[in-house]
Amino acid sequence: MLGLGPIAFAAPWVLTALAALPVLWWLLRVTPPAPRTIQFPAIRLLRDLTAQEETPARTPWWLLLLRLIVAALIILALAGPLLNPRAALPGGGPLLLVVDNGWAAGRDWPTRKRTMDEMIAQADRQQRPVILLPTAPPADGQPIHASAIVPAQEARRLAQAMVPLPWPTDRAAALEALKAVATQANGRGSIHAVWLSDGIGDNQAVALAAGLQRLGSADVLDDSAEHPPHLLLPPSSEGTALTARIVRADPSRPEPVTVRLGATDGRLLTRQTVAFEPGQKIREVRLDVPTELRNDAASLRVEGDTTAGATVLLDERWRRRPVGLVSGRSEGESQPLLSDLYYLERALSPYNEVRRGDTLDLLKRDLAVLILSDIGALTGTEVQDIEDWVKKGGVLIRFAGPRLAQHADTLVPERLRIGDRALGGALSWSEPAKLQPFPPKSPFEGLTIPPDVQVNRQVLAEPALDLADRTWARLADGTPLVTSQKRGDGWVVLVHTTASPDWSNLPLSGLFVDMLRRLVALSGGVTGTAATASLDPVEVLDGTGRLVPPPPTAFPIPGNATADVIGPRHPPGFYGTDDARRALNLSATVTTLSPLPPMPAGVGRDGYGARGEVPLKPSLLAAALALLTIDLLIALALRGLLRPPRLRRGAGGAAAGLLIALALSAAPQPARALDLDKAIKVTEETYLAYVRTGDSSIDDTARAGLEGLVSVLGLRTAVEAAGAVGVDPEQDELAFYPLLYWPVSDRQKPLSDQARQRVNEYMRNGGTILFDTRDQSPGGGPAVLQRLVDGLDIPPLAPVPQDHVLRKSFYLLSDFPGRYAGGQLWIEAREGIANDGVSSVVIGGNDWASAWAVGRNGQPLFAVIPGGERQREMAYRFGVNLVMYALTGNYKADQVHVPAILERLGQ
């Protein structure tokens, strides 16, 4: 290699071809250019009879210079020029590349491959052989071993075939493999070793660096400062949320990290960003999603960190919660409202798989939660089986009753008093008790207690020192209502009242549903496969954290296997069947990270690419190709092949006229004409309108929602709506539209005085506006809504009465759901006769446009929560009622009174 300051040539012998440039100059100079072709009609012989002296033409000097520059660039490129070349490798023996190709290397593997190519190319220029030593166990299960001493070309092929692997490195085994390397290189000179590390430290890192240094010289490359690795630990369930922990190796600087929750089909369910502060190594991230979406979750990933350690796969343990129900009361066969199981099943079935049966039969199947309602006496076999099941992670929930009050066993959190306590009644001085707010450590923390919930009768626990710590809910007088005890990996929970309304009206409230959901969330779920069965690999993670089909080297795992089995034979991934998957996560066993420790004295340390050289060959060849293209164009021009075609007589004028016509047609028309065209269009047919907010996603959803509603109106009613139109209150006339859908967005600017005047005139003259705050409650975003309607003539509002015409204008409705359900709908408190009894303002927050929205194929664009397609149907019915209400006013209300009117008329 020839070095000339900051530039070196890998093949300097090619530069001898520069001596041929003068010969090339002479050859190009004496060679005339190609003849120019001219069309020569015979009639020209009569005009050009004068003989002219012809002299041979030569190639212009500037064209010769251009061609010589092209030749020089090609010669220089073939010589392999390098900008800022690396210094010569120390020693005279082979180059040893030690590559960390474990899970942490996958976060920036292309950079590592590029560095390997650069190092091998440098060894090739110095005509030195190469040895490759990966530090992760190979996928075929063989021990870690170094390659043979091979030429650089063969080493480049081996490096290209190397990939990151989804399990940890084994640097102790790599250190053992160095003994064979020293034996191979004996007598070939001093070895120079380069360790391409993944930035993760362990107790063998310093020993491996020292072992490399003993072979000759050693350098360590580390990029953990620019691209730090992360571990994402398996999440825990907290109510309806998933809480995961992120672990990093270097806590020295602040760093934002984003976690994504994805579905099986790749959909993004939610994402959350947390910020590491200096000194923090572990950070928790909480992802709140509705239960319906959480059941679709398949993976958690650290955004931008493509490793198996930054990916957590979620199986049925985080989703499916089979619940078994057993009751000690036989009532309810003919009168279900008297049965405990009726209320439990109604509360649990929307969110869980509910099973009924005997205790032992239920435990034979996979079960996450077992609920015993007023079961007093259990057999010894039942007690032992339930005890073993709880210790393995099951959750036992017991409800009190007359039987448990008389026959309490050991499967309760605290020792109970015999009998029950009555609160209220004709012969009692006490009154039914209400509930205290839930304590902070209770799983019920944050739940709202309805004021009408009260308890008439309960089972009391014997006083104990730890009773307060085990109490999750109390009555107003301080007596425990829900107690718990941790047993093994599971829980035993006792509700000190019945699951039916006999002792309390709690089962009749929504709080009962929320409390049961929180209790079920305590369970660890089930895998759907027996613990002793063998689980075949279904999909496994590769070294970059992607799910791929299992390779032939992947073997089944035992049903009771833990993450300790992860390795070449059992890579992380999904095992079992497509219907019942078991997730095996790397971060379940690798739970800590530490940075690479300081290296021994004399071992160089640098980052990837910090000393990178720049090959100039591609740039020189590109420049030569560009100059050759210019030379080709010049040659064609000299031969007359690039002359622009002549225009026929009159063609110039025609072209000018065409350009003028195009310019006139492209000129903007007066705004008045455009408004007139739009007004004619929207008055010829009926259109529904939505207010453009400036947020493209919200506007697209509003347009798709109204178009979906228009389709339903055409199929079910006599309304012949033509479509949906977006309007801007600042510019557009609103009087053409009977209904205006206004999605509330915090990005929308306040209205100007002119726009407020337009909207007020629209409402006074019979128009109806549906304000949709899209947050399940019109009071959920008061600041945004208040800022938006500031200055508008909004009348006093009230919830829609039960007998209002909006509930019966086309369909009979008791609720007005959209994408969400349960929000309140508000209209004018006193509707006058000015607008035919139609409220000018309707305000709600159930995001109706998202429920109505359909795509081009007619399929819904958004999921509705929690009622599914039945809820979407009710949302469409509300939309139909609203349009009919806006178009017909109180007509439907008048029809209701027709019988009374006819009777008064005597007919």
Side-chain angles (χ1 to χ4, degrees), residues 106 166 232 234-235 237 240-242 244 258-273 285 287-322 350-353 525-529 535-551 554 571-587 697 700-701 704-705 708 819-820 847 849-872:
L232 184 62
S237 298
T240 59
L242 292 175
T258 301
V259 177
R260 300 167 58 94
L261 180 65
T264 307
D265 55 3
R267 288 179 295 121
L268 174 64
L269 300 180
T270 188
R271 62 197 297 267
Q272 186 68 38
T273 301
V285 56
L287 298 107
D288 287 293
V289 291
T291 303
E292 294 79 4
L293 296 181
R294 175 178 162 182
N295 287 339
D296 293 337
S299 63
L300 275 173
R301 300 177 186 271
V302 176
E303 198 169 87
D305 207 339
T306 54
T307 66
T311 302
V312 173
L313 302 177
L314 305 178
D315 55 23
E316 302 300 332
R317 289 171 292 176
W318 284 274
R319 294 195 296 272
R320 185 162 62 95
R321 297 291 191 274
Y351 313 102
N352 306 97
E353 177 186 346
V526 299
T527 61
T529 307
L535 306 179
D536 294 327
V538 179
E539 287 182 304
V540 298
L541 291 175
D542 65 5
T544 58
R546 298 176 304 174
L547 280 172
V548 297
F574 284 120
Y575 290 78
T577 64
D578 289 331
D579 297 328
R581 295 187 173 194
R582 161 81 178 278
L584 193 65
N585 290 303
L586 175 69
S587 56
S697 62
D700 292 344
T701 300
R819 187 183 185 189
Y820 309 108
D847 195 4
S850 296
W852 300 334
V854 295
R856 295 181 178 179
N857 57 358
Q859 296 298 317
L861 296 180
F862 301 95
V864 292
I865 302 170
E869 294 308 309
R870 175 61 180 172
Q871 181 175 326
R872 190 187 307 279

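Computation of the quantities below employed the complete heavy-atom set of this structure, encompassing side-chain atoms and omitting hydrogens, waters and symmetry-equivalent molecules.
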*Asks:* Is the closest side-chain heavy-atom distance between Gln272 and Thr270 below 4.5 Å?
*Replies:*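 Side chain of Gln272 against side chain of Thr270, heavy atoms only: no contact under 4.5 Å found.
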
*Asks:* Taking all heavy atoms of Leu535 and all of Tyr575, pick out the closest pair and write down the distance.
*Replies:*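 Leu535 and Tyr575 have their closest heavy atoms at O-CD2, 3.6 Å.
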
*Asks:* Using the rule given for side chain to side chain contact (heavy atoms under 4.5 Å, CB included), can you reason through Tyr820 versus Val864, listing the C-alpha separation, both sets of side-chain angles and the distance that settles it, and then say yes or no?
*Replies:* CA-CA 6 Å; Tyr820 309 108; Val864 292; over 6 Å; no

*Asks:* Apply side chain to side chain donor-acceptor pair (under 3.5 Å) to Asn585 and Ser587, showing your working.
*Replies:* CA-CA 6 Å; Asn585 290 303; Ser587 56; 5.6 Å; no

*Asks:* Does anything in residues 855-872 pair up under salt bridge (charged side-chain N to carboxylate O under 4.0 Å, His left out), and if so which pairs, sequence neighbours excluded?
*Replies:*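 Counting only pairs at least two positions apart or across chains, the salt bridge (charged side-chain N to carboxylate O under 4.0 Å, His left out) contacts touching residues 855-872 are Glu869-Arg872.
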
*Asks:* Has Asp315 got a side-chain atom pairing as donor or acceptor with Ala583's backbone, closer than 3.5 angstrom?
*Replies:*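 Indeed, once roles are kept as given, a pair shorter than 3.5 Å links the two residues.
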
*Asks:* Does the side chain of Val538 come within less than 4.5 Å of Thr577's, by heavy atoms?
*Replies:*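 Result no, sub-4.5 Å side-chain heavy-atom pair not found.
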
*Asks:* Do you know which two heavy atoms are closest between Ala298 and Ala263, and how far apart they sit?
*Replies:*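 Scanning both residues, the minimum pair turns out to be CB-C, 3.8 Å.
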
*Asks:* Tell me whether Thr544 contacts the main-chain N or O of Thr306 through its side chain, where contact means a donor paired with an acceptor under 3.5 Å.
*Replies:*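 No; judged by distance alone, with no hydrogens or angles, the pair does not exist.
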
*Asks:* Between Ala704 and Leu861, which heavy-atom pair has the shortest distance, and what is it?
*Replies:*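 Closest pair (atom of Ala704, atom of Leu861, distance): CB-CD1, 4.0 Å.
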
*Asks:* When you measure from the side chain of Glu539 to the backbone N and O of Pro550, does any donor-acceptor pair fall under 3.5 Å?
*Replies:*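 No, the answer is negative, given that no donor and acceptor are paired below the 3.5 Å cut-off.
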
*Asks:* Restricting to salt bridge (Lys or Arg N to Asp or Glu O under 4.0 Å), what partner residues turn up for Arg271, sequence neighbours left out?
*Replies:*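 Glu303.
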
*Asks:* Go through Thr258 and Thr273 one step at a time and tell me if the side chain to side chain donor-acceptor pair (under 3.5 Å) criterion holds.
*Replies:* CA-CA 4 Å; Thr258 301; Thr273 301; 2.7 Å; yes

*Asks:* Does NZ or CZ of Arg581 fall inside the cone over Phe574's six-membered ring, less than 6.0 Å from its centre and within 45° of the axis?
*Replies:*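 The answer is yes, since Arg581 meets both limits relative to Phe574.
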
*Asks:* In the structure I gave you, are the side-chain heavy atoms of Val540 and Val548 within less than 4.5 Å of one another anywhere?
*Replies:*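 Side chain of Val540 against side chain of Val548, heavy atoms only: contact under 4.5 Å found.
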
*Asks:* Ala863: what forms a side chain to side chain contact (heavy atoms under 4.5 Å, CB included) with it, not counting sequence neighbours?
*Replies:*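 Not a single residue meets the side chain to side chain contact (heavy atoms under 4.5 Å, CB included) criterion with Ala863.
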
*Asks:* In the structure I gave you, are the side-chain heavy atoms of Leu313 and Leu547 within less than 4.5 Å of one another anywhere?
*Replies:*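 Counting from C-beta outward, Leu313 and Leu547 do come under 4.5 Å.
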
*Asks:* Between Leu287 and Leu300, is any pair of side-chain heavy atoms under 4.5 Å apart?
*Replies:*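 Yes - at least one pair of side-chain heavy atoms lies under 4.5 Å apart.
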
*Asks:* Could you report the tightest heavy-atom contact between Asp542 and Ala308, atom names first, then the distance?
*Replies:*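 Heavy atoms only, the tightest pair is O-CB, 4.2 Å.
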
*Asks:* Heavy atoms, side chains only, cut-off 4.5 Å: are Arg267 and Asp296 in contact?
*Replies:*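 With C-beta onward as the side chain, the pair touches.
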
*Asks:* Would Asp847 and Ser850 satisfy side chain to side chain donor-acceptor pair (under 3.5 Å), going step by step from the backbone distance to the final call?
*Replies:* CA-CA 6 Å; Asp847 195 4; Ser850 296; 2.8 Å; yes

*Asks:* Do Pro235 and Leu314 make a side-chain contact, defined as non-hydrogen atoms from C-beta onward lying under 4.5 Å apart?
*Replies:*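 When only atoms from C-beta onward are counted, Leu314 and Pro235 do touch, with a gap below 4.5 Å.
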
*Asks:* What heavy-atom pair brings Ala310 and Leu232 nearest, and what distance separates the two atoms?
*Replies:*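 Minimum heavy-atom contact is O-CD2, 3.9 Å.
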
